[in-house]
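Throughout, residue positions are numbered sequentially from 1 according to the sequence presented. Excluded from the calculations below are hydrogen atoms, water molecules and symmetry mates; all remaining heavy atoms, backbone and side chain alike, are included.
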Amino acid sequence: MSQTVDRALSILPLLAEGPADLGQVADRLGVHKSTALRLLRTLHEHGFVYRQSDQRYRLGARLFALAQEAMENLDIREIAHPHLVRLNEQCGHTVHLAVYEENEVLYIDKVDSRYPVRMYSRIGKPVAITVAAVAKLLLADLPEHERRALAEKLDYPMYTSRSTPNPEAFLRELAKVREQGWATDLGGHEESINCVAAPIRGADGRVVAAMSVSAPNVVVTGDELLTLLPLVRRTADAISGEYSGRTPTKDVV
């Protein structure tokens with residue numbers, strides 16, 4: 001039975017490459033055509049495979065519906081929270097989780113620093129979109145025309161001397177973040193607060209959320225905070241794997 005299930009599931013990646021006929025499916029599985037036909041008929045009955053008028057098979061609508069339903073029922077905050085807590089226990093600093101919704105970047109989870117001097121932030125509150133590290137990651141993943149359109153209509157308040165001053169500088173920063181795969185805010189919003197962030201990606205590789213570690217200068221310098229980047233990125237990768245179903249749940253070390 002397990003071999004039958006394995007063979008049936010092996011058909012789906014093949015059809016994801018494009019429609020295939022019975023012979024192609026049988027060849028890929030290394031089985032007789034009669035065996036391949038039985039598997040295809042079963043998948044067809046469940047809506048996972050569709051037989052076209054040219055007798056080739058393609059993925060069925062039921063498969064896409066299930067995938068969409070599964071994605072809609074995923075809660076990135078619920079999946080990420082244990083990882084955020086573990087990261088906070090390892091480094092001691094404030095950890096945030098943020099998403100991009102309706103032209104705003106919002107914190108949706110936070111684990112406070114264990115140090116007495118902490119940064120002020122609140123779950124549900126929009127971040128400073130032109131300087132925050134999590135915002136840079138989320139916006140850098142947008143298609144280029146969307147990035148440019150958004151950059152042109154944003155305001156650029158100079159919170160500090162390190163704040164992003166204009167659309168051109170913002171787009172350059174987003175291009176840099178997109179290329180390197182991580183972001184920082186080193187005194188761009190508050191002179192005394194530094195932050196390093198990493199993206200959380202879905203099964204399609206798109207950024208669905210961003211997480212960060214933040215700390216005041218009196219606790220750790222910007223350079224010292226950057227040494228935590230590998231740990232932050234491993235944590236983000238672990239969340240991405242669990243969210244997308246690519247890897248089994250495991251601790252980040």
Practice task
Tell me, yes or no, whether the heavy-atom count around Arg51 atom CZ, taken from other residues, nucleotides or ligands under 6.0 Å, exceeds 12.
Solution key: no

Practice task
To the nearest 0.5 angstrom, please state how far the CG atom of Leu40 sits from the CG atom of Leu15.
Solution key: 7.0 Å

Problem - Val232 and Val95, any side-chain heavy atoms less than 4.5 Å apart - result: no

Practice task
Describe, in one word, how the ring planes of Tyr159 and His189 are oriented to each other, choosing from parallel (under 30°), tilted (30 to 60°) and perpendicular (over 60°).
Solution key: perpendicular

Problem - Under 3.5 Å: donor-acceptor pair, side chain of Thr227, backbone of Asp223 - result: no

Completion exercise
One should read off an interatomic distance between Thr94 OG1 and Leu87 CG, to the nearest 0.5 angstrom, of 11.0 Å

Exercise for the section: Please answer: with hydrophobic residues joined when any side-chain heavy atoms are less than 4.5 Å apart, are Ile79 and Ile108 in the same cluster? Expected result: yes

Problem - Residue pair Trp182 / Arg233: nearest heavy atoms and the distance that separates them - result: CD1-NH1, 3.5 Å

Practice task
Using modelled atom types only, decide if a donor and an acceptor are shared between the side chain of His46 and the backbone of Phe48 within a distance under 3.5 Å.
Solution key: no

Exercise for the section: Indicate yes or no for a side-chain donor-acceptor contact from Ser163 to the backbone of Gly188 under 3.5 Å, with no hydrogens or angles considered. Expected result: yes

Problem - From CG (Leu106) to CD1 (Ile123), nearest 0.5 Å - result: 11.5 Å

Practice task
Treating Ile, Leu, Val, Met, Phe, Trp and Tyr as nodes and any side-chain heavy-atom pair under 4.5 angstrom as an edge, say whether Leu229 and Leu84 lie in one connected cluster.
Solution key: yes

Exercise for the section: Take Ser10 and Arg28 through the test side-chain contact (heavy atoms from CB on, under 4.5 Å) and record every step on the way to the result. Expected result: CA-CA 9 Å; Ser10 296; Arg28 175 67 69 89; over 6 Å; no

Practice task
Output yes when a side-chain donor or acceptor of Thr164 lies under 3.5 Å from a complementary backbone atom of Thr130, and no otherwise.
Solution key: yes

Handout entry: Worked verdict on Leu174 versus Lys136 for side-chain contact (heavy atoms from CB on, under 4.5 Å)
Key = CA-CA 6 Å; Leu174 294 186; Lys136 295 174 187 177; 4.2 Å; yes

Practice task
Please round to the nearest 0.5 Å and tell me the distance separating atom NE2 of His81 and atom CG of Leu97.
Solution key: 10.5 Å

Handout entry: CG-OH distance between Leu39 and Tyr57, expressed to the nearest 0.5 angstrom
Key = 11.0 Å

Exercise for the section: Work out which heavy atom in Val207 is nearest to a heavy atom in Pro199; give both atom names and the distance. Expected result: CG2-CB, 3.8 Å

Practice task
Return yes if some donor-acceptor pair links the side-chain N/O of Asn88 with the main-chain N/O of His93 below 3.5 Å, else return no.
Solution key: yes

Fill in the blank from the handout: Taking every heavy atom of Ser240 against every heavy atom of Ile200, the minimum-distance pair comes out as OG-CA, 3.3 Å

Practice task
With side-chain contact (heavy atoms from CB on, under 4.5 Å) as the test, would you mind laying out the steps for Tyr115 and Val218 before giving the verdict?
Solution key: CA-CA 10 Å; Tyr115 297 99; Val218 294; over 6 Å; no

Handout entry: Whether Ser113 side chain and Gly92 backbone form a donor-acceptor pair below 3.5 Å
Key = yes

Handout entry: Other cluster members, Val177 - Ile/Leu/Val/Met/Phe/Trp/Tyr, side-chain contacts below 4.5 Å
Key = Leu137

Exercise for the section: Taking the side chain as every heavy atom from C-beta outward, state whether Arg7 and Thr35 have any atom pair closer than 4.5 Å. Expected result: yes

Handout entry: Closest contact, heavy atoms only, Asp141 versus Arg206
Key = OD2-NE, 2.7 Å

Exercise for the section: Check whether Tyr50 and Phe64 end up in the same hydrophobic cluster, where Ile, Leu, Val, Met, Phe, Trp and Tyr are linked by side-chain heavy atoms less than 4.5 Å apart. Expected result: no

Exercise for the section: Would you check if Asp237 and Arg234 make a side-chain contact, meaning some heavy-atom pair closer than 4.5 Å? Expected result: no

Exercise for the section: Ignoring hydrogens and angles, tell me if any N or O in the side chain of Arg162 forms a donor-acceptor pair with the backbone of Glu191 under 3.5 Å. Expected result: no

Practice task
Measure from the side-chain N and O atoms of Glu190 to the backbone N and O of Ser192, and report whether any donor-acceptor pair falls under 3.5 Å.
Solution key: no

Handout entry: Chi angles and distances behind the side-chain contact (heavy atoms from CB on, under 4.5 Å) call for Lys176, Glu179
Key = CA-CA 5 Å; Lys176 175 184 174 183; Glu179 180 178 358; 5.9 Å; no

Fill in the blank from the handout: Nearest heavy-atom contact between Ala98 and Leu138 is O-CD1, 3.9 Å

Handout entry: Within 6.0 Å of CD in Glu78, more than 12 heavy atoms from elsewhere
Key = no

Practice task
Report yes or no: do Val131 and Leu171 belong to one cluster of Ile/Leu/Val/Met/Phe/Trp/Tyr joined by side chain heavy-atom distances under 4.5 Å?
Solution key: no

Handout entry: Close side-chain approach of Ser244 to Arg201, heavy-atom, < 4.5 Å
Key = no

Handout entry: Straight-line distance of Leu186 CG to Leu225 CG, nearest 0.5 Å
Key = 8.0 Å

Distance-only criterion, 3.5 Å: show the donor-acceptor pairs between side-chain atoms of residues 145-158 and protein atoms not counting sequence neighbours.
unit_1 : atom_1 : unit_2 : atom_2 : d
Arg147 : NH1    : Leu142 : O      : 2.6
Arg148 : NE     : Glu144 : OE2    : 3.3
Tyr156 : OH     : Ala151 : O      : 2.6

Practice task
For atom CD of Glu168, decide whether the heavy atoms of other residues, nucleotides or ligands shown that lie under 6.0 angstrom number more than 12.
Solution key: yes

Handout entry: Whether Arg178 side chain and Ala140 backbone form a donor-acceptor pair below 3.5 Å
Key = yes

Exercise for the section: For the pair Arg56 and Asp54, find out whether any cationic side-chain nitrogen is under 4.0 Å from an anionic carboxylate oxygen. Expected result: yes

Handout entry: Joint cluster assignment, Val111 & Val220, ILVMFWY side-chain distance < 4.5 Å
Key = yes

Exercise for the section: Work out which heavy atom in Val208 is nearest to a heavy atom in Gly202; give both atom names and the distance. Expected result: CG1-N, 3.9 Å

